[in-house]
Amino acid sequence: NAGVTQTPKFQVLKTGQSMTLQCAQDMNHNSMYWYRQDPGMGLRLIYYSASEGTTDKGEVPNGYNVSRLNKREFSLRLESAAPSQTSVYFCASRPTGESPLHFGNGTRLTVT
Amino acid sequence: AQTVTQSQPEMSVQEAETVTLSCTYDTSESDYYLFWYKQPPSRQMILVIRQEAYKQQNATENRFSVNFQKAAKSFSLKISDSQLGDAAMYFCASLNYGGSQGNLIFGKGTKLSVKP
């Protein structure tokens, strides 16, 4: 049982380049999330999708777009990367109700 | 707005001793859940323990227990018989449920060191 799978694990971009972070879960969860983790800041929500076909902004959505491709997949796109987007990105999912989040192993992104 | 505050950026404990990590939260919701996550150097986010706000009894998972004070909006984590493998970042998180989006809001974390 793979759980939540994120690709890639590491990425280096130059300022202005674009890329898409991929996330897939095989637990049939309804909700999916993208967080970024920066030193001393904890995890901050970028975007989330409460169910297939819906997406909503979180605390720090600027500079990002998301797509909930189907129930399994939720991608995060950086259209024009900036050094301020250097961070570790986590995808997570959970079923409905009060269940906790299940996390992927994160993507370390560096923008130079 | 929902907030979670961890006032201890770093903590240290001697192996086999007990340590308590502090967390306070603020929410206007009546239904919510609280969690502690552990993040070792591997970067993996691991659920340690969870507490339903409607339950008065404090949650316990082996060496991990919480002190949930609903009126004070406090949710501390106690680690007993600390082990070297407990060294990690610990994050407190709050999940609103029952009409809200169901987002998990995290504190900034406490880095726990365990001395042999």
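A, B, ... follow the sequence lines: proteins, then strands. Residue 1 opens every chain. Just so you know, these numbers come straight off a predicted model, no measurement behind them.
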Check step by step if side chain to side chain contact (heavy atoms under 4.5 Å, CB included) holds for A/H102 and B/M45. CA-CA 8 Å; A/H102 298 253; B/M45 292 290 288; over 6 Å; no
Please test B/F91 against A/Q37 for side chain to side chain contact (heavy atoms under 4.5 Å, CB included), starting from the C-alpha separation and ending with a verdict. CA-CA 12 Å; B/F91 292 98; A/Q37 182 180 18; 3.3 Å; yes
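Contact of A/L43 with chain B is made through backbone and side chain together, with heavy-atom distances under 4.5 Å. Residue A/E59 does not touch chain B at all, counting heavy-atom pairs closer than 4.5 Å. Contacts of B/Q39 with chain A are made by side-chain atoms alone, with heavy-atom separations under 4.5 Å and no backbone atom involved.
Between the CZ atom of B/F106 and the CZ atom of A/R44 there is a distance of 13.5 Å, given to the nearest 0.5 Å. Atom CD1 of B/I105 sits about 6.0 Å away from atom OH of A/Y35, to the nearest 0.5 Å.
Within the 3.5 Å criterion, the main-chain N or O of A/P100 finds no donor-acceptor partner in the side chain of B/Y33. A donor-acceptor pair under 3.5 Å links the side-chain atoms of B/Y37 to the main chain of A/L101, judged by distance alone.
Among residues 107-116 of chain B, the residues having any heavy atom closer than 4.5 Å to a heavy atom of chain A are, in sequence order, B/G107, B/K108.
When hydrophobic clusters are built by joining Ile, Leu, Val, Met, Phe, Trp and Tyr residues whose side-chain heavy atoms come closer than 4.5 Å, directly or via intermediates, A/L21 is not grouped with A/F103. Hydrophobic clustering (side-chain heavy atoms under 4.5 Å, transitive across Ile, Leu, Val, Met, Phe, Trp, Tyr) groups A/L78 together with A/V60. There is no path of hydrophobic side-chain contacts, each under 4.5 Å, that joins A/L13 to A/V88. A continuous path of hydrophobic side-chain contacts links B/F68 to B/L77 [ILVMFWY only; heavy atoms under 4.5 Å]. Criterion: ILVMFWY side-chain heavy atoms under 4.5 Å apart, direct or through other members. Under it, A/Y64 and A/F90 are not part of a common hydrophobic cluster.
For the pair B/R43 and A/F10, the cation sits on the ring face: its NZ or CZ lies under 6.0 Å from the ring centre, inside 45° of the axis.
Residue A/K71 places its NZ atom among more than 12 non-hydrogen atoms of other residues, nucleotides or ligands, all under 6.0 Å distant. Other residues, nucleotides and ligands contribute only 12 or fewer heavy atoms inside 6.0 Å of the NZ atom of B/K55. Around the CG atom of A/N70, the shell of radius 6.0 Å holds more than 12 heavy atoms that belong to other residues, nucleotides or ligands.
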